[in-house]
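Dropping the structure in here first, questions after.
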Amino acid sequence: MKTITIRTSKRIIKNCVYMCINEETNESFLVDPSWNLDKILDESRQNNCTINALLITHSHFDHINLIEEITNLYDIPVYVSATEAADFNFSCPNMVLFDDNDILDICSMKVRTLLTPGHTTGSSCFLCGDSLFCGDTILIEGCTFVDEEGGDVSALYKSVTRLREIIPDTCRIYPGHANHSEPGVTMRDMKSSNKYIQADELLVFEGLMDVKNILALVERR
């Protein structure tokens, strides 16, 4: 599988959209399509691939806002966790629901779904080959916020711990945002540099989250 990082943005919001291409069939799926449709379609043309599916890690607007435009162009499935759809009353065209640890056959590739609540109750990661697409569950530089509806620091700690335990060290990590690092670092690198992944107790994790929230408040002033 070939993975292309497409950096998209609107004003101060910056996202990473991922185009995952089966080079044998020239089919691709997108993870969290957002903001700049022309940029995404240009990548599809340049790589001579079709867009055959959309995978959604969670339903925050900055991760889903191109769903309708893309499904208007292509009659393709949109994969969303059943928990996310139920808890946030989320629906979209061509929605296909999945649960934890499902194995999806997408673009002739096997995709394992991992339910990782914490950022939202239905946040999910997608494991395909040696790549993990993790949305806002964990970031290369640190960790996400839990201050919106459905956020839960204890649930996020359990999710991050789960990823640390089950994802191979050689797996490459592709988060929904990457402001200072290039996506695709290995889980081994994450374990050595990311304090949130290193946290082995909930109290330690909560302490890191408290410091991050305080710093964010200071930056906003």
Side-chain angles (χ1 to χ4, degrees), residues 1-10 13 15-117 119-129 131-137 148-150 174-177 183:
M1 181 181 73
K2 179 180 180 181
T3 299
I4 296 172
T5 300
I6 306 170
R7 292 185 178 270
T8 64
S9 63
K10 185 172 183 178
I13 306 175
N15 288 66
C16 292
V17 177
Y18 298 105
M19 179 175 288
C20 306
I21 305 172
N22 183 332
E23 294 180 280
E24 295 181 359
T25 65
N26 289 331
E27 299 172 290
S28 72
F29 63 80
L30 298 176
V31 181
D32 290 351
S34 63
W35 304 128
N36 307 128
L37 179 60
D38 288 345
K39 195 172 185 179
I40 293 170
L41 296 181
D42 283 345
E43 285 290 350
S44 176
R45 286 189 287 267
Q46 291 174 21
N47 287 276
N48 192 33
C49 67
T50 58
I51 299 173
N52 296 78
L54 305 180
L55 278 62
I56 307 301
T57 63
H58 63 292
S59 60
H60 285 166
F61 185 69
D62 60 317
H63 292 256
I64 64 169
N65 57 73
L66 286 184
I67 288 177
E68 188 168 344
E69 288 187 69
I70 293 176
T71 53
N72 282 339
L73 287 173
Y74 312 110
D75 186 22
I76 58 176
V78 183
Y79 293 88
V80 180
S81 86
T83 301
E84 190 79 354
D87 289 359
F88 295 93
N89 195 28
F90 175 78
S91 64
C92 67
N94 301 344
M95 186 166 68
V96 179
L97 300 179
F98 61 80
D99 293 309
D100 185 41
N101 257 329
D102 282 351
I103 303 297
L104 309 176
D105 190 348
I106 303 176
C107 301
S108 302
M109 298 183 287
K110 299 299 181 184
V111 179
R112 179 184 175 188
T113 64
L114 299 170
L115 194 63
T116 52
H119 184 58
T120 66
T121 53
S123 286
S124 301
C125 299
F126 302 103
L127 182 62
C128 186
S131 299
L132 180 76
F133 304 95
C134 52
D136 287 355
T137 296
E148 297 187 35
E149 182 182 359
Y174 296 93
H177 308 273

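No hydrogens, no waters, no symmetry mates; every other heavy atom, side chains included, goes into these values.
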Does Cys16 reach the side chain of Pro183, with side-chain heavy atoms less than 4.5 Å apart? yes
N/O donor-acceptor pair under 3.5 Å between Ser124 side chain and Gly122 backbone: yes
Test: salt bridge (charged side-chain N to carboxylate O under 4.0 Å, His left out). Region: residues 37-59. Which pairs qualify, not counting sequence neighbours? Asp42-Arg45
Partners of Lys110 by salt bridge (Lys or Arg N to Asp or Glu O under 4.0 Å), sequence neighbours excluded? Asp105
Tell me if a side-chain donor or acceptor on Asp32 pairs with a main-chain N or O of Thr57 at a distance below 3.5 Å. yes
Quick one: side chain to side chain contact (heavy atoms under 4.5 Å, CB included) partners of Asp87, sequence neighbours excluded? Thr83, Thr121
Quick one: pull up CD1 in Ile70 and CD1 in Ile64 and give me the separation to the nearest 0.5 Å. 12.0 Å
Name each donor-acceptor pair under 3.5 Å that joins a side chain in residues 94-103 to protein atoms two or more places apart or in another chain, with its distance.
residue, atom, partner, partner atom, Å
Asn94, ND2, Asp75, OD1, 3.0
Asn94, ND2, Ile76, O, 2.9
Asp100, OD1, Leu115, N, 2.8
Asp100, OD1, Arg162, NH1, 3.1
Asp100, OD1, Arg162, NH2, 3.3
Asp100, OD2, Arg162, NH2, 3.3
Asn101, OD1, Arg112, NE, 2.7
Asn101, OD1, Arg112, NH2, 2.9
Asp102, OD2, Asp99, N, 2.8

Please enumerate all residues that pass side chain to side chain donor-acceptor pair (under 3.5 Å) together with Ser59, with sequence neighbours excluded. Glu84
Heavy-atom closest pair (Pro93 atom, Val78 atom, distance to 0.1 Å) is O-CG2, 3.4 Å
Mind checking the CD1-SG spacing from Ile106 to Cys128? Nearest 0.5 Å is all I need. 8.0 Å
Using side chain to side chain contact (heavy atoms under 4.5 Å, CB included) as the criterion, list what pairs up with Glu69, not counting sequence neighbours. Leu37, Leu66
Considering non-hydrogen atoms only, spot the tightest contact between Ser44 and Cys49 and give its length. OG-O, 2.6 Å
Apply side chain to side chain donor-acceptor pair (under 3.5 Å) to Ser81 and list each qualifying residue two or more places apart in sequence or on a separate chain. none
Would you list the pairs meeting side chain to side chain donor-acceptor pair (under 3.5 Å) in which at least one residue belongs to residues 15-27, sequence neighbours left out? Asn15-Trp35, Asn15-Asp62, Thr25-Glu27
Ring pair (Phe, Tyr, Trp, His ring centres under 6.0 Å) pairs, two or more places apart, involving residues 62-81: His58-His63, His63-His177
Sorted by chain and number, sequence neighbours left out, side chain to side chain donor-acceptor pair (under 3.5 Å) with Thr50 holds for Asn52
Looking at Met109 and Cys20, what are the two nearest heavy atoms and their distance? CE-O, 4.0 Å
Can you name the side chain to side chain contact (heavy atoms under 4.5 Å, CB included) partners of Glu149, sequence neighbours left out? Phe88
Is the shortest heavy-atom distance from the side chain of Ile40 to the side chain of Met19 under 4.5 Å? yes
Does Leu30 reach the side chain of Leu55, with side-chain heavy atoms less than 4.5 Å apart? no
Going by side chain to side chain donor-acceptor pair (under 3.5 Å), name the residues that satisfy it together with Thr8, two or more places apart in sequence or in a different chain. Ser34
Enter the distance from Leu127:CG to Leu114:CG here, rounded to the nearest 0.5 Å. 6.0 Å
Carefully, step by step, assess Ile51 and Leu41 under the rule side chain to side chain contact (heavy atoms under 4.5 Å, CB included). CA-CA 9 Å; Ile51 299 173; Leu41 296 181; 4.2 Å; yes
Heavy-atom side-chain contact between Ile56 and Pro33 under 4.5 Å: yes
Do Ser131 and Tyr174 come within less than 4.5 Å of each other through their side chains, counting heavy atoms only? yes
Between Pro175 and Asp136, is any pair of side-chain heavy atoms under 4.5 Å apart? no
